[in-house]
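Okay, so here's the structure we're looking at.
By convention in this document, chain letters (A, B, ...) are assigned in the order of the sequence lines, proteins followed by strands, and residues within each chain are numbered from 1. Computed from a predicted model, the values in this text were never measured in an experiment.
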Amino acid sequence: MGKDENRTDENSKGEATVPVANFIREIIKEDMKSGRWGGKVVTRFPPEPNGYLHIGHAKAICIDFGSAQEFGGECHLRYDDTNPAKEDQEYIDSIQRDVRWLGFDWGKHCYYASDYFEKIHMWAIELIKQGKAYVDDLTADEIRKYRGTLTEPGKDSPCRNRSVEENLALFEKMANGDFEDGSRVLRARIDMASPNINLRDPVMYRILKAEHHRQGRRWKIYPMYDWAHGLEDSIEGVTHSLCSLEFEDHRPLYDWFLDQLSVHHPQQIEFARLNLTFTVMSKRKLKELVDKNYVAGWDDPRMPTLSGLRRRGFTPESIRNFCERIGVAKRDSTVDYALLEHCLREDLNKKAKRVMAVINPLKVVIKNYPEGMVEMIDAINNPEDASMGTRQVPFSGVLYIEKNDFMEVPPKKFFRLSPGREVRLRYGYFITCTDVVKNDAGEVVELRCTYDPQTKGGAAPDGRSPKATIHWVSAQHALDLEVRQYDKLFNSEAPGAGTDGDYLKDLNTDSLKVLLNCKGEPSLAHVTPEDKFQFERIGYFCVDKESTDEKTVFNRTVSLKDEWAKIVKKSGA
RNA sequence: UGGGGUGUCGUCCAAUGGCAAGACUCUGGAUUCUGGCUCCAGCUAUCGAGGUUCAAAUCCUUGCACCCCAGCCA
């Protein structure tokens with residue numbers, strides 16, 4: 001497969017992409033060559049089930065699962081459920097659904113950190129016996145004070161030199177639930193003067209008499225991340241423990257615990273997490289958007305959550321391709337949202353069935369079209385993919401066209417319909433606008449046109465060709481649709497950057513426009529949620545789960561690129 | 001003023017002492033029954049200052065900027 005070749009780039013459109021070089025691939029490649037792990041690659045994706053996965057997690061998932069896949073290894077899905085206070089079954093389910101939807105398979109390797117609690121507990125006792133862990137009676141507040149600061153060393157706790165026997169006895173009582181929540185902790189005995197604060201006797205266990213979603217009330221103490229994570233990796237035989245940059249400082253601790261216990265010792269490798277323009281990525285902020293009803297839930301189509309993107313109409317392929325293209329490195333960066341949109345359009349262009357729908361209808365009466373006549377016209381389902389075939393669309397003397405495809409006083413470069421001008425109706429006839437009907441308010445409410453019967457199918461015998469082709473829907477056959485036009489959730493490239501951190505001030509109050517009177521061609525009759533279409537000349541749309549029998553609801557996934565909009569913007573503003 | 005990281009086009013990201021790639025964005029053009037797609041062309045980059053070398057993004061010295069760390073969160 002040539003996958004061990006050091007190829008750079010080469011992202012030819014559409015086809016499978018060749019991996020971009022990155023430092024993690026390099027490391028694994030080297031390890032494979034040297035036989036460091038016996039030719040095996042084992043990675044893991046270790047989410048804490050305390051929230052929904054978002055596009056940032058998608059990057060991690062692609063790296064974790066992708067690395068294993070690429071080198072013929074395995075990737076474990078492991079719930080890092082060491083804090084029952086925050087975790088919930090709902091999140092476990094959503095995480096599985098999202099990882100699977102993204103296109104990854106953990107096979108039989110779905111694990112829970114909580115399944116290792118027994119083992120981890122034994123190891124803690126071993127560490128105590130080695131004199132490398134102790135029970136501390138200090139309060140949380142005192143521990144903080146004793147820890148020192150970034151520039152000053154910490155102080156030893158008075159409990160630091162307890163005997164092994166006493167520590168063992170106390171720890172057993174902790175585990176038995178004999179002490180109150182928060183009254184004692186087990187700490188590693190490392191170095192209170194370390195310049196790395198993580199090494200100043202980190203807490204290994206805290207007392208927490210909470211109900212665990214899998215363990216019930218069995219445990220009264222729960223291990224901390226730093227203590228548990230390396231052991232979880234070790235138990236599973238992980239070779240490359242990939243995580244984000246903020247854990248770089250924790251690596252010495254990761255290594256220390258595993259070294260003390262002389263167990264299998266994976267290599268922790270850190271990479272930069274994903275930032276995207278025009279969005280926020282922290283769980284806290286996303287939760288706030290949900291809780292304060294700025295959006296309609298975790299799967300609101302404006303959310304960067306995987307469930308939100310799915311509902312918005314993103315394809316897993318487009319997200320995977322995006323994750324490959326952004327690369328993997330160690331520097332903080334913010335990827336242009338336009339790249340995500342590009343990957344989306346690229347994928348949808350290949351796959352989405354074309355269909356005609358009018359989002360802001362304007363009635364058109366074709367005066368010389370025979371009364372009551374209906375013709376069926378062939379239309380191509382996808383010009384990018386002939387195998388998707390054709391369909392028939394009804395044509396009649398009363399149609400809807402898009403309001404903005406007509407201008408009474410056309411500016412320069414406006415090629416669409418205006419009084420006296422001829423345009424082509426997609427797959428249909430050429431029509432010429434003869435009259436404009438207005439209401440009392442002076443608004444255009446109807447157009448009278450004539451058609452040229454010679455131009456059926458879109459070609460004229462005399463070879464003339466209008467500058468514009470517009471889409472349409474036959475009025476008597478039209479389906480009523482609701483269209484939800486979603487836009488960016490934030491106005492600012494970096495929400496909160498210019499508002500003293502108050503990202504809510506950068507919310508785009510126009511991020512959702514609901515259009516209730518849209519018209520669609522009859523082929524849109526039987527659709528199911530997540531079905532994706534291109535509404536010709538407008539954009540990509542997908543069926544929302546809130547569709548009813550009476551009315552199908554479409555979410556605008558992303559608009560088509562729009563040259564005309566650019567021209568307007570340039571001359572207008 | 002502790003420790004750990006990172007600085008390459010506007011934005012991502014390559015280069016492993018040997019001609020600074022590619023993608024996205026943007027600009028111009030060709031084509032087109034979608035102002036879509038496609039195609040062609042163009043734009044702009046090695047944080048600064050010294051040094052080593054025939055040759056430096058890469059090595060050395062030094063400075064600067066930015067990110068992370070003082071949870072009984074992960």
query = With respect to the side chain of Ala21(A), which nucleotide from A15(B), A23(B), U34(B) is positioned closest?
reply = A15(B)

Can you check nucleotides 9-11 of chain B for protein contacts, nitrogen or oxygen pairs under 3.5 Å, and list what you find?
{"unit_1": "U11(B)", "atom_1": "O3'", "unit_2": "Thr334(A)", "atom_2": "O", "d": "3.1"}
{"unit_1": "U11(B)", "atom_1": "O2'", "unit_2": "Thr334(A)", "atom_2": "O", "d": "3.0"}
{"unit_1": "U11(B)", "atom_1": "O2'", "unit_2": "Asp336(A)", "atom_2": "N", "d": "3.4"}

message = Classify Ala140(A) by what it touches in the nucleic acid, base, sugar-phosphate, or nothing, heavy-atom distance under 4.0 Å.
response = base

message = Between U61(B) and G22(B), how far apart are the two C1' atoms, rounded to whole Å?
response = 34 Å

Output a table of nitrogen or oxygen pairs between the protein and nucleotides 43-48 of chain B separated by less than 3.5 Å.
none

query = Residues in side chain to side chain contact (heavy atoms under 4.5 Å, CB included) with Ile235(A), at least two apart?
reply = Tyr116(A), Lys119(A), Trp123(A)

request  = Describe the nucleic acid contact of Lys413(A) in one word from base, sugar-phosphate, nothing, applying a heavy-atom distance below 4.0 Å.
outcome  = base

List the atom pairs, donor and acceptor, that lie under 3.5 Å between side-chain atoms in residues 327-344 of chain A and the rest of the protein, sequence neighbours left out.
{"unit_1": "Lys330(A)", "atom_1": "NZ", "unit_2": "Glu248(A)", "atom_2": "OE2", "d": "2.4"}
{"unit_1": "Asp336(A)", "atom_1": "OD1", "unit_2": "Ala338(A)", "atom_2": "N", "d": "3.1"}

ask   = When the aromatic ring centroids of His229(A) and Tyr225(A) are compared, is their separation below 6.0 Å?
value = yes

ask   = If you check every side-chain atom of Arg331(A), which of G36(B), U6(B), G35(B) has the closest atom?
value = U6(B)

ask   = For Asp233(A) and Tyr254(A), does a side-chain donor sit closer than 3.5 Å to a side-chain acceptor?
value = yes

ask   = Can you say whether the rings of His250(A) and Phe247(A) are parallel (under 30°), tilted (30 to 60°) or perpendicular (over 60°)?
value = perpendicular

query = Residues in side chain to side chain contact (heavy atoms under 4.5 Å, CB included) with Cys449(A), at least two apart?
reply = Val364(A), Leu417(A), Ile431(A), Cys433(A), Leu447(A)

message = Distance alone, cut at 3.5 Å: any donor-acceptor contact between the side chains of His471(A) and Glu536(A)?
response = no

ask   = Nearest nucleotide by nearest heavy atom, which residue falls closer to the 5' end of RNA chain B, Asp226(A) or Arg251(A)?
value = Arg251(A)

ask   = When you measure from the side chain of Arg426(A), which nucleotide among A23(B), U34(B), C69(B) comes out closest?
value = U34(B)

task = Would you check if Arg421(A) and Phe414(A) make a side-chain contact, meaning some heavy-atom pair closer than 4.5 Å?
result = yes

inquiry  = I'd like to know if Asp562(A) reaches the base of G35(B) with its side chain, counting only an N/O donor and acceptor under 3.5 Å.
reply    = no

inquiry  = Given A74(B), A23(B), C69(B), identify the nucleotide with an atom nearest to the side chain of Leu150(A).
reply    = C69(B)

ask   = Which is true for Ser465(A) with a 4.0 Å heavy-atom rule: it touches a base, it touches only sugar-phosphate, or it touches nothing?
value = nothing

request  = Determine the stems involving RNA chain B; a stem requires 3 or more consecutive pairs of the Watson-Crick or G-U wobble kind, each with both distances below 3.5 Å, and the answer is none if no such run exists.
outcome  = B:2-7 with B:64-69, B:10-12 with B:22-24, B:26-30 with B:38-42, B:47-51 with B:59-63

ask   = Going by the angle between their ring planes, with limits at 30° and 60°, are Tyr205(A) and Phe171(A) parallel, tilted or perpendicular?
value = tilted

query = Among pairs that include at least one residue of residues 178-187 of chain A, which meet salt bridge (charged side-chain N to carboxylate O under 4.0 Å, His left out), considering only residues two or more places apart or in two chains?
reply = Asp136(A)-Arg187(A), Asp137(A)-Arg184(A)

remark   = Residue set satisfying side-chain hydrogen bond (donor to acceptor under 3.5 Å, both in side chains) with Ser114(A), at least two apart, ordered chain then number -> Asp81(A)

task = Considering non-hydrogen atoms only, spot the tightest contact between Asn176(A) and Lys220(A) and give its length.
result = C-CG, 3.9 Å

note = From the candidates U6(B), C67(B), G28(B), the one with an atom nearest any side-chain atom of Asp332(A) is C67(B)

task = Name the nucleic acid region contacted by Tyr222(A), choosing base, sugar-phosphate or nothing; use a 4.0 angstrom heavy-atom cut-off, strictly under.
result = nothing

ask   = Which residue pairs pass the side chain to side chain donor-acceptor pair (under 3.5 Å) test when at least one of the two sits in residues 381-392 of chain A, sequence neighbours left out?
value = Arg354(A)-Asn382(A), Asp378(A)-Gln392(A), Asn381(A)-Arg391(A), Asp385(A)-Ser387(A), Arg391(A)-Glu521(A)

note = Looking only at G35(B), G36(B), C69(B), the nucleotide nearest the Asp249(A) side chain is C69(B)

message = Which residues pass the side chain to side chain contact (heavy atoms under 4.5 Å, CB included) test with Phe490(A), not counting sequence neighbours?
response = Val280(A), Leu289(A), Pro495(A), Tyr503(A), Asp506(A), Leu507(A)

query = Is the base of U38(B) touched by the side chain of Glu384(A) through a donor-acceptor pair closer than 3.5 angstrom?
reply = no

ask   = When you check the glycosidic angle of G71(B), does it come out syn, meaning within 90° of 0, or anti?
value = syn

message = Among residues at least two apart in sequence or on other chains, which ones pass side-chain hydrogen bond (donor to acceptor under 3.5 Å, both in side chains) with Lys209(A)?
response = none

query = So which nucleotide from A70(B), U34(B), C24(B) ends up closest to the side chain of Arg325(A)?
reply = C24(B)

Collect all protein-nucleotide pairs involving nucleotides 17-19 of chain B in which both atoms are nitrogen or oxygen and the distance is under 3.5 Å.
none

key: Glu48(A) side-chain proximity, nearest of U34(B), A70(B), C73(B)   = C73(B)

task = Measure from the side chain of Arg537(A), starting at C-beta and using heavy atoms only, and say which of C72(B), G2(B), U34(B) lies closest.
result = U34(B)

ask   = Counting side-chain heavy atoms from CB outward, which of G3(B), C24(B), G35(B) is closest to Pro195(A)?
value = G3(B)

